[in-house]
Amino acid sequence: MELRFYNSYSRQIEDFRPIEPGKVRMYHCGPTVYQRPHIGNYRAFLFADLLRRVFEAYGFEVQQVMNLTDVGHLLNDADEGEDKLEAQARKDQVDPWQIVETVSQQFFADLDALGVRPAHHYPRASDHIPEMVTIIEALIEKGHAYRVGDNVYFDVSTFPRYGQLSGNKVEELEAGARLEINEEKRHPADFALWKSDPKHIMKWATVFGEHGFPGWHIECSAMAEKYLGKHFDIHTGGEDNVFPHHECEIAQSEAANEQTFVNLWMHTRFLQVDGGKMSKSLGNVYSLDDLAERGYSAWDYRFLVLRGHYRTQVNFTWEILRSAKESRAKLADWRSRLQAAMRGGAADSPASIGAVTTARQAFDAAIADDLNTPEAVAALFTLRNELVHAGETGTGTSEAALALLDHADAVLGLFEPTADASEDPNALSDAQVEALIAERAEVRAAKNWARADEIRDALQAAGIVLEDTASGVHWHRS
RNA sequence: GGCGGCGUGGCCAAGUGGUAAGGCAAGGGAUUGCAAAUCCCUCAUCCCCAGUUCGAUUCUGGGCGCCGCCUCCA
């Protein structure tokens, strides 16, 4: 399976070539843990999970790192400004580190609810100050950075490729700079590597001074290098990270290490809400709890995200979420029917088995083509339609289709794990279900509607779905 | 001001130079004691204009509209 991905850096779709055969090392820009991430944030994290799942499904060994930014940075690169975490802390009248703990726990709980496979490392910026200082010192040593008092800036003029990722030109950054003029910098586009301010709560004593804290890009360079090396395969983030964050990371890491930092840069477009940007003032910044309150599982949201390509803006409305929920439920229902059919022992038709093979190829081709998840999902429904139209209930075909659904589930994350029914003492055995259905048929024939409905309700309560078709009663577990 | 994306049926969303996947919703029908579930059927010519072409939704140019990034933000 030849995977192809769009590389933000080259602006082209490229064949994926891992640095080490069979292995992939990825870094994902994670959340700033100053308030609970909203569903928009999770689009980017679900994308990281999709990559993880795709690589694992196609046999790669994955090393995945996602940082937690717990050292809020300045509000902007022009300097003065308040640390985001400290601002939140003052508002809540708590210690900033307490916010970090609380939000981090919410974050991990949300990831779990979304079915995200845990990354191998979730490093925190505050635990990697020495690593950051090492890089900054190297940059100064090599003439890529300069000190002004207790502050350190990256000298953009020493890195000709600056602007390559984002398409910005240094001259235009200067011209169109909305940044306030910082007299300390040699060039307006220079960015801070290290800042000092005695008033900060979250600060560290280093060679640069007693009251310092890192600039807002250096943490990722430091942590990526520590866990993945100076050169690794993939780095992801939201579209907003392209500039300045990732642009600056490239400059820092490549200037310091004198080698390519990352082979493949991938960015997700923003999630829209009601056709526009989500914002607190519009009251459309939702958390997973807001979805749950309206009866939607995190998995429904996950499916909504999957139904749009990661490089297009996906819109979120309650109607769209409902659509995603219904669609996903249909897939789950189909899976249950296939499980019942697999036990049925009916003969297979060769044409149907061929349809499963075709569907699997279509699914894989869609995924391999820059993660075309909408098309991959469509391939599943196409197969469903074909098998249903053909009235196919063959054991082998059902088994093959189920194998495809398992594969799709591994890649996309479609089905919410449910408690194992076999461990439920109240669960009905197949024989019990069959017996109840038989009794219902008898009492219906005798027009004993009360008892018939009682059985129907009991079966429904036990998670049994009945289908009263012309060819008899079929059933499967929901 | 700089950079970028998008405009496909009521909603969402793939896609290809040769007349448009899939999902949701909707309408009709079958089945049914009622219901649910299920099954069948119906439902677009792809923003507008011009050009290239035998032929464009798909290529080029222009227009209109929408959205995003450039500033904390996934």
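We name chains A, B, ... by the order of the sequence lines, and we start the count at 1 in each one.
Each of B:C24, B:A74, B:A35 was ranked by its minimum atom distance to the side chain of A:A44; first place goes to B:A74. Nearest nucleotide to the side chain of A:W216, out of B:A37, B:U71, B:G23: B:U71. Minimum atom distance to the side chain of A:W449 is reached by B:G33, of the listed B:C24, B:G33, B:C67. The side chain of A:E239 sits closest to B:G68 out of B:A74, B:G68, B:G23. Taking every side-chain heavy atom of A:D240 into account, B:C73 is the closest of B:G23, B:C73, B:G4. Out of B:U32, B:C73, B:G23, the shortest distance to the side chain of A:R444 is found at B:U32. Distances were taken from every side-chain heavy atom of A:N41 (C-beta onward) to each of B:C73, B:A14, B:C24; the shortest belongs to B:C73. In this structure, of B:A35, B:A25, B:G22, it is B:A25 that holds the atom nearest to the side chain of A:R322.
Look at A:N385 and you'll find a side-chain N or O under 4.0 angstrom from OP1 or OP2 of B:G23. The shortest distance between the side-chain N/O atoms of A:K325 and the OP1/OP2 oxygens of B:C24 is not below 4.0 Å. Between A:H38 and B:A74 there is no side-chain N or O to OP1 or OP2 distance below 4.0 Å. Under 4.0 angstrom from either OP1 or OP2 of B:C39 there lies at least one side-chain N or O belonging to A:R384. Contact check, A:K277 against B:C69: a side-chain N or O comes under 4.0 Å of OP1 or OP2. Remark: A:R337 is in phosphate contact with B:C39, judged by side-chain N or O atoms under 4.0 Å from OP1 or OP2.
The CZ atom of A:F270 sits 9.0 Å away from atom CD of A:Q272, with the distance rounded to the nearest 0.5 Å.
Across the protein-nucleic acid pair, A:Y301 atom OH and B:A74 atom P stand 13 Å apart, rounded to whole Å. Regarding A:D274, its CG atom lies at a distance of 12 Å from the P atom of B:G68, rounded to whole Å. Rounded to an integer number of Å, the gap from CD1 of A:I437 to P of B:U38 is 16 Å. Between the CZ atom of A:F316 and the P atom of B:C24 there is a distance of 19 Å, given to the nearest Å. Computed from coordinates, the A:Q164 CD to B:C70 P distance equals 20 Å when rounded to whole Å. For A:R11 and B:G5, the CZ to P distance is 8 Å, given to the nearest whole Å. Here B:A14 presents its P atom at 11 Å from CZ of A:R311, a figure rounded to the nearest Å. Remark: P of B:C3 and CD of A:E247 are 15 Å apart, rounded to the nearest angstrom.
Figure legend. B:U19 is base-paired to no nucleotide; pairs are counted as Watson-Crick or G-U wobble with both atom distances under 3.5 Å. With a 3.5 Å ceiling on both atom-pair distances, B:C34 lacks any Watson-Crick or G-U wobble partner. Across all strands shown, B:U42 forms a Watson-Crick or G-U wobble pair, both distances under 3.5 Å, with B:A26. With a 3.5 Å ceiling on both atom-pair distances, the Watson-Crick or G-U wobble partner of B:C69 is B:G2. Pairing of B:A50, defined by two Watson-Crick or G-U wobble distances under 3.5 Å, is identified with B:U60.
Residue A:F270 is in base contact, counting any heavy-atom pair closer than 4.0 Å across all strands shown. Heavy atoms of A:L271 sit under 4.0 angstrom from at least one base atom. If you check every strand for non-hydrogen atoms under 4.0 Å, A:S327 touches sugar and phosphate atoms only. Within the nucleic acid shown, A:Q272 comes within 4.0 Å of sugar-phosphate atoms alone, with no base atom in reach, counting heavy atoms only. Among the protein residues, A:I320 comes within range of the sugar-phosphate backbone only, with heavy atoms under 4.0 Å from sugar or phosphate atoms but none that close to a base. Using a 4.0 Å heavy-atom cutoff across all strands shown, A:G40 reaches at least one base atom of the nucleic acid. If you check every strand for non-hydrogen atoms under 4.0 Å, A:V388 touches sugar and phosphate atoms only. Within the nucleic acid shown, A:E326 comes within 4.0 Å of sugar-phosphate atoms alone, with no base atom in reach, counting heavy atoms only. Across all strands shown, A:H389 has heavy atoms under 4.0 Å from sugar-phosphate atoms exclusively, and none from any base. Heavy atoms of A:G391 sit nowhere under 4.0 angstrom from any nucleic acid atom.
Below 30°, between 30° and 60°, or above 60°: for A:F316 and A:Y286 the angle between ring planes is between 30° and 60°, a tilted geometry. Under the 30°/60° scheme for interplanar angles, the aromatic rings of A:H407 and A:F363 are found to stand perpendicular. Between A:H121 and A:Y227, the two ring planes are tilted [angle within 30° to 60°].
A donor and an acceptor atom, one from each side chain of A:E247 and A:N168, are nowhere located under 3.5 Å apart.
Between A:G276 and A:I39, the residue anchored closer to the 5' end of RNA chain B is A:G276, taking for each the nucleotide with the nearest heavy atom. Nearer the 5' end of RNA chain B, as judged by each residue's closest nucleotide, is the contact made by A:H309, out of A:T382 and A:H309.
Within residues 450-459 of chain A, the residues that have a heavy atom under 4.0 Å from RNA chain B are, in order of number, A:A452, A:D453, A:R456. Residues from residues 368-376 of chain A placing a heavy atom under 4.0 Å of any atom in RNA chain B, listed by number, are A:N372, A:P374, A:E375.
A:L68 and A:E219 get closest at one heavy-atom pair: O-OE2, 4.5 Å. Between A:I320 and A:N315, the closest heavy-atom pair is CD1-O, 3.6 Å.
By the 6.0 Å contact criterion, CD on A:E439 is enclosed, its count of non-hydrogen atoms from other residues, nucleotides or ligands being greater than 12.
Although no hydrogens or angles enter the test, the distance criterion places no donor-acceptor pair under 3.5 Å between the side chain of A:W318 and the main chain of A:R294. Side chain of A:K185 to main chain of A:D190: a donor-acceptor pair is present (N/O by atom type, distance under 3.5 Å, no hydrogens or angles).
Contact check on A:R328 versus A:E416 returns a salt bridge, with a Lys/Arg side-chain nitrogen under 4.0 Å from an Asp/Glu carboxylate oxygen.
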Where do A:Y153 and A:K195 land on the side chain to side chain donor-acceptor pair (under 3.5 Å) test, with the steps shown first? CA-CA 9 Å; A:Y153 298 97; A:K195 298 289 292 183; 3.0 Å; yes
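By the salt bridge (charged side-chain N to carboxylate O under 4.0 Å, His left out) test, A:D240 is found to be paired with no residue, residues two or more places apart in sequence or in another chain being considered.
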